[in-house]
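For reference, positions follow the sequence shown, starting with 1. Remember, it's a predicted structure, so these values are computed and weren't measured experimentally. In each ligand, atom 1 is the first atom listed, and ligand 1 is the first ligand listed.
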Amino acid sequence: MRGGRREGLRQLEASLLREGYLRLPFPEAGGELELAATAVYDAAAAFLRSPAEERRQHEHEAASSRATLGFTYLPMGAEPLYDGTSEQRVHSLSIHSALSEAECDALLPRGMDGEARALAHSYHRWPDDEGLAPLRRETMRLRRLLLEQVCEPLLASLSALLGLGEGGLKRRCCMRGSDNTSLLRLMEYPPAAEGEMVEGPVVGVSEHTDYELLSVLHQDREGLEVRNRSGEWVLLPHDDRMLTVLIGDMTERLSAGYFTATPHRVRATPAGKPPRCSFVFFLALDEDERVCGLSSSAVRGADAAPFSRWLESLPDKERRKVLLPITQREWTESKDAAALAALRDKVERSSRANRSFINISQS
Ligand SMILES: O=C(O)CCC(=O)C(=O)O
Ligand SMILES: [Fe+2]
């Protein structure tokens, strides 16, 4: 029994080191998780087909002024830009757990100030809208199943491999702040317009790494590409029954680079094809957890022997790079700010180009 568990951990570690990602079948074929995934795709499609006017009411600014950030809609053209140049064809929903203020308070630290508490409440408040009830019910079910059946076992394994004991990481992901860093996103990639993809760099989502510990992802058709350790882009085959797990920035930082965050991107859906849909659960550390690279004296247990040996051989120069602690919130905010600035720049550049085109054609 012990041997089986140890063998499983070594295989997981080998895949993460070799490929930088994992492919996991749903825990049970035709089981609860698979049914929940199908129901979420249906409910998301119903919302995404609703009139633009209705969707607009759930964009970030409107949701923020109503303090209902538990559910927000990011329209086409608003996805932060990660590579500074591409045209991204995607729109998405961001989903946090729906909690009453009392449920939220029970998880928050007692000494938290009023403003931070109100912000946490708003990240767990859903709009009071009858039409969103099926989406809310199905996403909450999917979120719970992903946490119980996929994230928690993964977190325990990662924790053991890093010498933190099986519960070491889970204790740092229990929403002591608010879970506005852990997030379920539902994405839809509508097909490109006829001729659009041959003209410019049109993509689904441009190259990036995710900001959290791990991302658990499902796609209903192919499109996700990951860059492997040799620098080649690999298109992941589509299989409805498979989840993909990617390494996020915080795991890279915590492991001082032993596990490296997985660069990935999504191809645009070609013209004439049905839209591609996916969901991603970003598993984050509690937003106020301070993260810096582990040192070998903090690493315990036989499961972490390879990591511990690797740490001991790490040159001081490399170790120093991750000594400075940073919280998940600081990291997420700084990367988001950079990607949003890149998007603004690009919009500004293209409106300038359009203006000069108009000037030229009018002269
Ligand atoms: O849609 C996908 O497959 C991936 C989306 C993604 O990389 C992201 O939202 O960070
Ligand atoms: Fe991503």
Side-chain angles (χ1 to χ4, degrees), residues 19-24 37 40-41 44-45 48 60 72-84 86-96 139 142-143 146 150-151 180-192 202-228 233-252 259-270 273-284 328 331-340 342-343:
E19 271 103 31
Y21 65 91
L22 298 172
R23 301 266 285 162
L24 294 179
V40 161
Y41 282 131
L48 294 169
H60 193 275
T72 51
Y73 171 62
L74 194 68
M76 192 88 85
E79 175 76 18
L81 189 58
Y82 308 102
D83 71 354
S86 306
E87 193 66 46
Q88 302 180 122
R89 285 192 68 83
V90 63
H91 57 163
S92 64
L93 299 171
S94 294
I95 310 275
H96 293 282
T139 50
L142 178 64
R143 195 181 173 283
L146 282 173
V150 184
C151 296
N180 59 11
T181 39
S182 272
L183 172 70
L184 176 65
R185 280 189 92 194
L186 316 178
M187 328 276 288
E188 187 189 66
Y189 300 79
V202 178
V203 299
V205 169
S206 52
E207 175 183 352
H208 65 285
T209 55
D210 291 340
Y211 314 158
E212 298 77 10
L213 276 177
L214 296 170
S215 305
V216 177
L217 191 147
H218 182 263
Q219 50 178 354
D220 79 340
R221 60 193 73 238
E222 70 179 24
L224 177 68
E225 296 181 307
V226 301
R227 201 170 63 208
N228 67 17
W233 284 104
V234 180
L235 178 69
L236 295 194
H238 160 251
D239 181 338
D240 256 339
R241 302 240 160 106
M242 283 290 203
L243 295 165
T244 301
V245 180
L246 306 177
I247 302 172
D249 296 337
M250 281 299 170
T251 295
E252 174 168 328
F259 296 117
T260 51
T262 323
H264 57 286
R265 64 187 185 191
V266 181
R267 289 186 180 178
T269 306
K273 296 274 187 209
R276 170 185 181 270
C277 297
S278 63
F279 65 76
V280 191
F281 185 74
F282 300 99
L283 180 64
Q328 177 78 70
W331 182 248
T332 300
E333 283 179 356
S334 73
K335 278 194 69 173
D336 251 352
L340 276 169
L343 177 65

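Under 4.0 angstrom from ligand 1, the non-hydrogen atoms of His208 all belong to its side chain. Contacts of Leu217 with ligand 1, taken as heavy-atom pairs under 4.0 Å, involve the side chain alone. For Asp210, every heavy-atom contact with ligand 1 shorter than 4.0 Å involves the side chain, none the backbone.
Taking the Fe ion (ligand 2) as the corner point, the angle from His208 atom NE2 to His264 atom NE2 is about 90° (rounded to 10 degrees).
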After noting the C-alpha distance and the side-chain angles of Arg221 and Asp240, does the key distance pass the salt bridge (charged side-chain N to carboxylate O under 4.0 Å, His left out) rule? CA-CA 8 Å; Arg221 60 193 73 238; Asp240 256 339; over 6 Å; no
Before you tell me yes or no, could you show the steps for Glu222 and Arg276 under salt bridge (charged side-chain N to carboxylate O under 4.0 Å, His left out), namely the whole-Å CA-CA distance, both residues' side-chain angles and the distance that decides it to 0.1 Å? CA-CA 8 Å; Glu222 70 179 24; Arg276 170 185 181 270; over 6 Å; no
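What sits closest to atom 9 (O) of ligand 1 on the protein, heavy atoms only, is Arg185 NH1, 3.3 Å. When hydrogens are left out, the protein atom nearest atom 3 (O) of ligand 1 is Arg276 NH2, 2.8 Å; that is the closest non-hydrogen contact.
The shortest side-chain heavy-atom distance between Tyr73 and Ser94 does not fall under the 4.5 Å cut-off. Side-chain contact between Ile247 and Tyr21 is absent, with no heavy-atom pair separated by less than 4.5 Å. Phe282 places none of its side-chain heavy atoms less than 4.5 Å from the side chain of Ser182. Between Arg265 and Ser206 the shortest side-chain heavy-atom distance does not fall below 4.5 Å.
When each atom of ligand 1 is checked for a heavy atom of Phe282 under 4.0 Å away, the hits are 8 (C), 9 (O), 10 (O). Short contacts between ligand 1 and Val266, defined as distances under 4.0 Å to a heavy atom of the residue, involve ligand atoms 1 (O), 2 (C), 3 (O), 4 (C). Close approach of ligand 1 to Met187 is summarised as follows: ligand atoms under 4.0 Å from at least one heavy atom of the residue are 1 (O), 5 (C), 9 (O). Atom numbering of ligand 1 starts at 1 in the shown order; those under 4.0 Å from a heavy atom of His264 are 7 (O).
Counted by atom type alone, Arg23 and Thr244 present one or more donor-acceptor pairs between their side chains at under 3.5 Å. If you check the side chains of His208 and Asp83, you find no donor sitting under 3.5 Å from an acceptor.
Of the polar atoms of Gln219, none of the N or O atoms is found under 3.5 Å from an N or O of ligand 1, judged by distance alone.
Between atom 5 (C) of ligand 1 and the options Tyr189, Phe279, Tyr211, the minimum heavy-atom separation is to Tyr189.
Salt-bridge annotation for Arg185 and Glu79: present, with a side-chain N of the basic residue lying under 4.0 Å from a carboxylate O of the acidic one.
Minimum-distance N/O/S atom of Asp210 relative to the Fe ion (ligand 2): OD1.
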